[in-house]
Amino acid sequence: MPEALFPPPSTVWRVALPLPLPRLFDYLPPASQTDGDAAVGHRVRVPFGRRELVGVVAEVGAPEYETDPAALKTALGRIDADPLLHGELFDSLRWLARYTHAPLGEVLATALPGPLRHGEPLPDTHAWAWCLTEAGLTGREGLRAGRPRRLADLLQDGPQDEDRLDEALDDWRSAARALAKRGLAERIAVPASARAPAPRPGPALNEEQQDAVDTVLAADGFVPFLLDGVTGSGKTEVYLHAIADCLARGKQALVLVPEIGLTPQTLARFRARLGVPIHALHSGLSDGERARTWAAFARGEARVAVGTRSAVFLPLLQPGLIVIDEEHDGSFKQQDGIRYHARDFALVRAKALNIPILLGSATPSLESLRNVQAGRYGHLRLQRRAGQAQAPQVRVVDVRKRPIEAGLSPELVDAIAQALHAGGQVLVFKNRRGYAPVLLCHDCGWTAHCPRCSTPLKGTPMTVHGGGRRLQCHHCGTRRPAPNACPDCGGLALQSQGAGTERIEESLSARFPDYPVRRIDRGTTQRRDALEQHLAEFGTAPGILVGTQMLAKGHDLPNLTLVAVVGIDEGLFSADFRAPEKLAQLLIQVAGRAGRADKLGQVLLQTHHPEHPLLHTLLTGGYAAFAETELAQREAADFPPFAHMALLRAEAQEVDVANAFLAKARREIDAFADPRRRPAPGQRPALEINGPLPAPMPRRAGYQRAQLILTALERRHLHAALDAALPAIYACPEARKVRWSLDVDPIDLY
Ligand code: ADP
Ligand code: ZN
Ligand code: ZN
């Protein structure tokens with residue numbers, strides 16, 4: 001027995017590695033004194049096959065019973081003098097790995113900024129500024145007009161912090177790189193303190209706001225609050241007061257916002273009001289910048305972070321408060337890799353940190369409203385708009401049997417004309433980009449379909465773009481020129497059916513040639529600050545904005561007097577049980593754009609279904625009434641938040657391969673769940689399994705997609721089944737032939 005010849009080592013490091021395997025990996029500590037001493041949370045380098053990987057020590061202890069000590073490899077050494085991950089953050093991340101049923105190593109890789117994940121040292125955290133070099137000072141005058149010149153002008157009187165530049169000039173980073181390349185400007189480190197301007201006071205709070213602030217400040221330890229307030233009711237003011245209090249007590253605050261809400265204006269407002277440096281974390285940052293922010297929090301130097309989804313992974317050494325703005329927003333859920341929900345993870349962290357957490361929205365998620373109903377969250381309401389603004393008037397425009405041109409009824413066109421002539425601005429909202437959703441042959445009925453995607457009954461139509469010249473699939477991105485003649489019958493009667501934002505823009509430009517018409521959708525607005533730039537250029541003079549849901553948020557439009565919503569009808573009849581919630585949220589958010597300042601706003605909803613219960617409830621009772629009805633329906637149907645779901649999806653070139661994997665997974669889950677699956681007569685099973693079924697979109701980008709949906713009335717039954725079945729699912733040979741993923745609490749079954 002070889003084991004007997006080698007006394008087993010007394011300790012091993014159990015390391016979490018970024019690999020799709022749900023286990024830790026044992027290594028012997030190296031012999032060296034300094035490198036050989038690692039505790040839980042230390043990053044370490046280890047050999048793995050022929051590679052070298054960076055992992056995190058998750059446990060230190062005796063080797064596992066089955067481990068053959070002779071087979072153990074020796075780690076190469078630890079990376080940092082002190083553990084990088086420890087305390088609450090590490091515990092919460094372990095919780096997240098258990099909850100998402102994902103390997104801890106992959107969860108840690110998701111949580112850490114790139115450079116830290118790859119083993120680079122914790123970076124310096126001084127602030128950075130830019131200044132002109134000698135050559136820049138003398139050469140500035142010679143620069144042509146443009147962004148680099150504008151940046152050089154900003155720097156002529158001395159160095160400027162990067163924070164300050166963020167506010168002063170859009171996309172200054174590319175200008176800075178251009179200047180640096182020519183030796184005209186350079187980046188210098190400046191002390192991190194001594195930076196922020198003195199805080200500026202905001203408006204005096206109204207009574208509702210003051211009550212909300214008082215309630216949050218009175219919270220002792222972990223208390224979740226839903227701050228339920230209509231658009232413009234002053235929620236951000238409530239956040240700012242609660243954060244200011246937190247800072248006064250020497251604590252830190254973490255603010256999460258949806259990607260589209262993290263505008264330079266938002267950051268400037270936080271900076272001006274709080275008087276401390278605000279660390280922004282969003283997709284526009286480089287990996288190095290993310291790592292620096294992470295380090296500033298890991299060292300306890302930073303006070304306030306305002307960031308998108310991944311900011312939820314920042315270490316908080318002096319935690320005081322977490323704020324989630326627009327908590328209902330779908331962008332808080334990561335849709336690939338580790339499928340975490342930043343709001344839900346923030347709640348877990350707030351609980352572990354024993355601090356209050358404030359979830360704000362004008363259209364709260366049904367999950368959060370359910371938690372209010374059940375008494376788990378405090379409910380703070382702001383029912384009036386702050387300051388002068390009045391709520392808009394909403395009217396349904398029945399377009400049955402009305403002539404519709406490019407998606408617009410004559411009533412809508414008249415209302416637009418009136419609003420423009422009265423000096424107002426108009427927003428036309430259409431949640432479909434492109435020129436038209438379908439290209440149809442009028443002679444034979446042929447329509448253009450994506451060759452790589454399909455839904456159960458038919459192919460997915462390709463969207464017409466470029467005024468009719470191009471076709472594009474919005475599911476997989478496939479593009480092709482539009483044919484000149486019908487590929488089936490050779491006829492020339494090809495027609496664009498329906499209207500997307502492009503066509504509406506075209507038609508409105510033709511009808512209202514004296515007014516600017518600007519389109520805002522993913523086609524025109526790809527850069528992060530592009531939305532703000534569009535709106536700034538649009539200004540406050542009369543004109544028309546046409547756009548998709550990108551326009552539901554963003555900068556205030558004080559002169560917006562009419563919001564026209566067209567083409568919501570598809571959303572009224574979707575198979576997705578979350579579709580009504582999403583549609584109601586979108587309608588309320590878009591409507592909330594009207595009449596923000598001292599002007600009364602008007603909202604027109606153009607529909608073929610004026611009697612639809614969703615519209616009726618929303619218009620007569622507002623979002624609260626809608627949510628109450630919808631929650632009752634979800635409860636009756638055992639849908640979330642009254643049940644808990646997980647989605648196991650597989651993709652493969654051939655559908656049989658995907659189904660074979662899911663069938664195997666189902667057998668594993670059944671084997672565990674079997675005794676509980678025979679419920680008493682009239683009772684529901686603890687765990688229901690549906691599938692393997694084709695995914696709602698069974699073919700996407702050339703892959704066949706199938707899925708298994710697990711539903712349980714109690715969360716623990718879902719997790720127990722997954723815990724029991726997943727080791728075998730990971731290990732089965734069928735798994736190697738597919739791309740599979742598990743999504744716990746999926747928000748999108750598509
Ligand atoms: P929300 O976050 O709910 O959309 P904001 O906090 O952004 O609302 O407030 C909307 C507008 O009303 C902002 O311009 C803000 O400065 C203003 N405002 C907020 N609270 C007050 C108040 N108590 N008095 C006057 N103006 C206010
Ligand atoms: Zn044809
Ligand atoms: Zn496609």
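In each ligand, atom 1 is the first atom listed, and ligand 1 is the first ligand listed. Quick caveat: nothing in here was measured; it's all calculated off a predicted structure.
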Inset, instruction - Give a yes or no on whether H474 keeps an N, O or S atom under 2.8 Å from the Zn ion (ligand 3). - result: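 Not a single backbone or side-chain N, O or S atom of H474 is under 2.8 Å from the Zn ion (ligand 3).
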Inset, instruction - Could you tell me whether the Zn ion (ligand 3) has an N, O or S atom of H475 under 2.8 Å away? - result: no
Legend entry - Ligand-side contact atoms (ligand 1) for residue partner E237, heavy atom cut-off under 4.0 Å: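 What qualifies from ligand 1 is 6 (O), 19 (C), 20 (N).
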Legend entry - Proximal ligand 1 atoms for N206, defined as those under 4.0 Å from one of its heavy atoms: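 So the answer, numbered in order with elements, is 23 (N).
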Legend entry - Pair T363-Q589, side-chain hydrogen bond (donor to acceptor under 3.5 Å, both in side chains): steps then yes or no: CA-CA 8 Å; T363 52; Q589 300 271 346; 2.9 Å; yes
Inset, instruction - Dump the intermediate steps for side-chain hydrogen bond (donor to acceptor under 3.5 Å, both in side chains) on T447 and H449, then the final yes or no. - result: CA-CA 6 Å; T447 53; H449 287 152; 3.0 Å; yes
Contact partition for [X] relative to ligand 1, non-hydrogen atoms under 4.0 Å:
{"X": "S233", "result": "both"}
{"X": "R273", "result": "neither"}
{"X": "L205", "result": "backbone"}
{"X": "A204", "result": "backbone"}

N-O pairing of [X] and [Y] below 4.0 Å:
{"X": "R519", "Y": "D521", "result": "yes"}
{"X": "E502", "Y": "R470", "result": "no"}
{"X": "K333", "Y": "D344", "result": "no"}

Inset, instruction - Find the distance between CD1 (I520) and CZ (R433) and round it off to the nearest 0.5 Å. - result: 14.5 Å
Inset, instruction - Using distance alone, decide if ligand 1 has a nitrogen or oxygen within less than 3.5 Å of any nitrogen or oxygen in R269. - result: yes
Inset, instruction - Angle at the Zn ion (ligand 3): provide the value between SG of C450 and SG of C453, rounding to 10 degrees. - result: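 If I round to 10°, I get 110°.
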Legend entry - Contact flag H442/the Zn ion (ligand 2), N/O/S atoms, threshold under 2.8 Å: no
Legend entry - Min heavy-atom dist G229 to ligand 1 below 4.0 Å: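 So G229 does not count as touching ligand 1.
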Legend entry - Side-chain donor-acceptor contact under 3.5 Å, S283 with E259: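 Yes, side-chain donor-acceptor contact under 3.5 Å.
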Legend entry - Passing option when S365 is tested against Q585, E581, R343, R578 for side chain to side chain donor-acceptor pair (under 3.5 Å): R343
Inset, instruction - Walk me through it: do H475 and T460 pass the test side-chain hydrogen bond (donor to acceptor under 3.5 Å, both in side chains)? - result: CA-CA 9 Å; H475 301 287; T460 32; 5.2 Å; no
Inset, instruction - Could you please compute the angle at the Zn ion (ligand 2) from SG of C489 to SG of C444, rounded to 10°? - result: 110°
